[in-house]
Amino acid sequence: MIKITFPDGAIREYEAGVSALEIAKSISEGLARKVLAAKVNNEVWDATRTITTDATLNLLTWDDTDGKSTFWHSSAHLMAEAVEALYPGVKFWVGPAIDRGFYYDMDLGDRKLSEADLEAIEKKMAELAKQQNTYLRKEISKSEAIQYFTEKGDEYKLDLLQNLEDGNITFYSQGNFTDLCRGPHIPTTAPIKAIKLTNVAGAYWKGDEKNKQLTRVYGITFPNQKELDEYLALLEEAKKRDHRKLAKELSLYIFDDDTGSGLPLWMPNGAIIVEELEKLAKETEEDAGYKRVVTPHIAKESMYLTSGHLPYYKDSMFPPMEMDGERYYLKAMNCPHHHKIFDAEPRSYRDLPFRIAEYGTCYRYEQSGELFGLMRVRMLHMNDGHLYCSKEQFFEEFKAVNEMYLKYFKIFGIDKYVMRLSLHAPEKLGQKYVNEPELWLETEAMVRQVLIDTGTPFIEVPDEAAFYGPKIDVQIYSVIGREFTLATNQVDFSSGKRFNLSFTNKNNEPETPLIIHRAPLGTHERFIGFLLEHYAGKFPVWLSPLQVKILPISDKFLPYAQQVEAALKAHRVRVAIDDRSEKIGKKIREAELSRVPYMLVVGEKDMNEGNVSVRRQGQGDVGAMPIASFVQQIVTEIKERSS
RNA sequence: GCCGUUGUAGCUCAGUGGUAGAGCACUUCCUUGGUAAGGAAGAGGUCGAGAGUUCAAUUCUCUUCAACGGCUCCA
């Protein structure tokens, strides 16, 4: 007999060789039907695998993350079975579960998959699932495995086998399909009831663009149709929040073929948001002791050689222009220009920390396939700033920058993000990273301490640092699930030396400053793209391109509407009158749909009483008040940047 | 850059080997109406661009540009 410990601490005895599924059955048939996999001694196992020693057991169902991913991984195998049945000779690479569903990479030879093919595969999968085939696990020796795939002529699985140790190799089979797989899998194909193959894409073998491109099919499955329908509905909802769609509806920016891809043309509405953001940043930075600078859009090749950017990032820069025998590049970053400003005058420790900021437009040649609405563009306003300080000052300065981030996030109500502490990889010192082992450890420790001190939750990621130092990135997700770095705060102990920067310290000796690169609002393009999705297009009043729309009941009240308009304009409130000869219902409907935060209905009653009837977007009628009260209220709201 | 899909009116989308249609938006007229669509008329497109096949191409083929979904990349 063996002792099985359940999550609630209960211990029960079973015959050795019992499976999790059998244990579930001993509890209830209903539970057994729901079991997809099991966590045995904290390791995810097949529910059908026999347990021979004392163990802790956690039965996994659809409600568990591990249950879901097992379900999806098994679905990937089911898809592979369907694909093999439809297109014999196909070779498979890997087919993991992902956050939402699964994919399988395959080599289909010359065959191309279309939408119609996906439907055919779906149909076949449903047919195979109904056979309720069991997922069978088989331990196999390496030589047998090699023989199997050599006979099959499958170089991909043979490649996988190379890195596996004998005695640790398993095959899984269901129906007519056998795959090299670590598992685990669900007991049978029966629970895979609702299937949707979402898209087909190319994916480089082993993720290396030098390798052959395989066909990747993405899909998702559910234990019932209802959940699939709900999932698809959720995707539709997300699409409505997509910043690209919202920006079009709000006339914020356009991309134009003649201008070039990735080069946004900010229209008046969008420009207002850019400027409001910059106004916030300027005020915040002024309070934090920054000075503003302005630098050119281009610079000579020599500066980017000094900075080290050219050898490393040439591919990401627009090609140079030649003039008078000199090569000039469009700037892809502001840092070198700022370093030159630091270097322009002799600096003493009394001048430090030296903080400068600029929202310079930078140009980066992002690969065409990488462009993504406003989130990834070729012209971007960096919310850039550089701090030059001594080692002693570094901690406080870095901390202040971090606090600035948190202040911004509070204003915007941003709470779904991940702070990522990006560290170096010691084995890559001198190659990917500046060879300063001690400085790395020292600054990494300081950066970590800043996060701890400010109580900021974070994750640590090795081998993600900049070449010149560790950094903190703020990661966010677009509504369609893509991850982006929103903001970044970086330590740089390399550029100071590269640019020969120095200040005179207290001992009258030259000393190289540490540099902090910071962009708490990232780029204004990406930040606005993010805000659009964050607010679902309903900007807070201070950011809204149009803040108030006045809706006269009829033409008769236009003069009064203009009087209200003038009162608001006197306080620089962005206001417009809907002067069309339309009924009030239509004006309201269109104003609501345009997402203007305040609507003022004005008619005879209001005119006689000197009032405006206020309507808040999404909330409806909130009652009448005197013009002056409304002006006072909205001016305060704008000033406080309340959301 | 690579794989795949898509490009028709300002927007959302139908459609066809014989030079195009709807709804919304727009313009004009009627209507002057108190909290989410009043009515009528009108205007608007070299069917992404270039080439080929054809008597004839928006439609078929090729090239190219762009967007979209991924991959790779992301200072």
Side-chain angles (χ1 to χ4, degrees), chain A residues 103 105 108 112-115 117-118 198-218 239 242 244-245 248-249 251 254-262 304 307-310 312-317 331-336 362 364-373 375-376 380 382 384 464-469 471 473 480-485 488 490 492 495 517 519 526 551-558 580-593 599-606 613-615 617-618 620-624:
Chain A
Y103 67 77
D105 283 352
L108 287 155
K112 315 259 182 221
L113 288 188
S114 67
E115 297 283 313
D117 296 321
L118 291 190
T198 45
N199 56 332
V200 52
Y204 298 108
W205 183 41
K206 295 186 180 180
D208 187 335
E209 63 182 327
K210 289 185 204 79
N211 284 341
K212 181 172 180 176
Q213 199 160 53
L214 305 175
T215 302
R216 174 175 295 180
V217 178
Y218 285 88
K239 273 190 197 157
D242 191 310
R244 292 165 297 186
K245 186 174 165 61
K248 199 175 261 180
E249 288 171 15
S251 298
I254 53 158
F255 289 113
D256 170 71
D257 284 5
D258 265 346
T259 310
S261 50
Y304 296 116
S307 71
H309 284 108
L310 260 188
Y312 292 110
Y313 306 115
K314 199 175 179 177
D315 289 348
S316 304
M317 293 173 75
K331 72 174 164 187
M333 66 294 295
N334 302 302
C335 359
C362 297
R364 299 181 178 187
Y365 188 78
E366 302 288 355
Q367 295 189 74
S368 60
E370 257 315 319
L371 300 170
F372 179 74
M375 302 284 201
R376 196 80 182 268
L380 38 109
M382 295 274 293
D384 219 351
E464 286 280 327
F467 73 89
Y468 45 67
K471 57 178 181 171
D473 288 330
I480 62 167
R482 280 220 224 175
E483 184 183 18
F484 287 98
T485 299
T488 183
Q490 313 179 343
D492 180 351
S495 301
H517 302 240
R526 184 174 290 177
L551 312 176
I553 295 290
S554 81
D555 295 351
K556 280 187 250 166
F557 311 106
L558 262 178
R580 297 172 306 166
S581 304
E582 291 291 350
K583 287 176 115 170
I584 192 65
K586 182 160 185 170
K587 291 182 182 178
I588 287 172
R589 176 181 159 80
E590 289 182 8
E592 284 279 351
L593 292 175
M599 287 148 272
L600 302 180
V601 176
V602 293
E604 186 158 19
K605 265 191 307 199
D606 307 283
S613 290
V614 183
R615 208 186 144 92
Q617 204 276 345
D621 194 352
V622 294

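Here is the naming used below: chain letters follow the sequence lines, and residue numbers restart at 1 for every chain.
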Taking protein heavy atoms under 4.0 Å as touching, what does nucleotides 33-44 of chain B look like 5' to 3' if B marks base contact, S marks sugar-phosphate-only contact and - marks none?
BBBBBB------

Whole-Å distance separating the NZ atom of A/K245 from the C1' atom of B/rC11
9 Å

Just so I know, are the side chains of A/M599 and A/K587 near enough to count as touching, which here means a heavy-atom distance under 4.5 Å?
no

Nearest to the side chain of A/R376, heavy atoms from C-beta on, is which of B/rA67, B/rC73, B/rG70?
B/rC73

Heavy atoms only, 4.0 Å cut-off, all strands: where does A/A591 land among base, sugar-phosphate and nothing?
nothing

Checking all strands, does A/F467 fall into the base, sugar-phosphate, or nothing category for heavy-atom contacts under 4.0 angstrom?
nothing

When rounded to the nearest Å, what value does the distance between C1' atoms of B/rC47 and B/rG21 take?
12 Å

Please report, rounded to the nearest Å, how far the C1' atom of B/rA67 is from the CG atom of A/D242.
12 Å

Determine: side-chain N/O of A/Y313 to OP1/OP2 of B/rC74, distance under 4.0 Å, yes or no.
no

Would you indicate whether the side-chain heavy atoms of A/S261 and A/F255 approach each other to under 4.5 Å?
no

Roughly how far apart, to the nearest Å, are B/rU59 and B/rC24 at atom C1'?
27 Å

Between B/rC74 (C1') and A/M382 (CE): distance, integer Å:
12 Å

Apply side-chain contact (heavy atoms from CB on, under 4.5 Å) to residues A/M382 and A/H517 and explain how you reach the verdict.
CA-CA 11 Å; A/M382 295 274 293; A/H517 302 240; over 6 Å; no

According to the interplanar angle, ranging from 0 to 90°, do the rings of A/Y313 and A/F467 count as parallel (below 30°), tilted (30 to 60°) or perpendicular (above 60°)?
tilted

Dot-bracket notation for RNA chain B is requested: 5' to 3', Watson-Crick or G-U wobble pairs only, both distances under 3.5 Å, with ( ), [ ], | and . as defined.
(((((((..((((....[..)))).(((((.......))))).....(((((..]....))))))))))))....

Atom P, compared across B/rC71 and B/rU12: separation rounded to whole Å:
26 Å

With no hydrogens and no angle check, do the side chains of A/D555 and A/S581 hold a donor and an acceptor under 3.5 Å apart?
yes

Tell me, do A/M317 and A/R364 make a side-chain contact under 4.5 Å, heavy atoms counted?
no

Residue pair A/A466/A/T215 against RNA chain B: nearer the 5' end by closest nucleotide is A/T215

Has the side chain of A/Y204 got a donor or acceptor that lies under 3.5 Å from a partner of the other kind on the base of B/rG1?
yes

In whole angstrom, give me the gap between the P atoms of B/rG4 and B/rA9.
27 Å

A/Q213, nearest nucleotide to its side chain (from B/rC11, B/rC73, B/rG70):
B/rG70

Hey, does A/L600 have a side-chain heavy atom less than 4.5 Å from the side chain of A/V614?
yes

Round to the nearest Å and state the distance from A/L558 atom CG to B/rU32 atom P.
15 Å

Which value, in whole Å, describes the distance between the P atoms of nucleotides B/rA51 and B/rA56?
15 Å

For nucleotides B/rU8 and B/rU19, find the distance between their C1' atoms and express it as a whole number of Å.
13 Å

Check whether the side chain of A/S316 and the base of B/rA75 form a donor-acceptor pair under 3.5 Å.
yes

State which residues pass ring pair (Phe, Tyr, Trp, His ring centres under 6.0 Å) with A/Y204; sequence neighbours excluded, sorted by chain then number.
none

Whole angstroms only, please: what is the CG-P distance between A/L214 and B/rG4?
13 Å

Salt bridge check: are A/R615 and A/E592 linked by an N-O gap of less than 4.0 Å?
yes

Select base, sugar-phosphate, or nothing to describe what A/A203 touches, counting heavy atoms under 4.0 Å on all strands.
sugar-phosphate

Charged N-O contact under 4.0 Å between A/K206 and A/D208
no

Nearest whole Å is fine: how far is B/rA67 P from A/Q367 CD?
14 Å

A/G262 or A/M317: which one's nearest nucleotide on RNA chain B is closer to the 5' end?
A/G262

Checking contacts here: which listed nucleotide (B/rG69, B/rC71, B/rA75) is nearest the side-chain heavy atoms of A/Q490?
B/rA75

Closest to side chain of A/V200, choosing from B/rG4, B/rA75, B/rG70:
B/rG4

Report which part of the nucleic acid A/S368 touches: base, sugar-phosphate, or nothing (heavy-atom distance under 4.0 Å, all strands).
base

Gap between atoms CE and P, on A/M333 and B/rA75 respectively (whole Å):
10 Å

Can you establish whether the number of heavy atoms outside A/E249 located under 6.0 Å from its atom CD is more than 12?
yes

Among B/rA75, B/rG1, B/rC73, the nucleotide that comes nearest once only the side chain of A/R364 is considered
B/rA75

So A/T485 and A/R526, do their side chains get closer than 4.5 Å, heavy atoms only?
yes

A/L371 CG to B/rC71 P, straight-line distance once rounded to whole Å:
15 Å

For B/rC73 and B/rC13, measure between their C1' atoms and round to the nearest Å.
35 Å

Rounded C1' spacing from B/rA20 to B/rU5 in Å:
25 Å

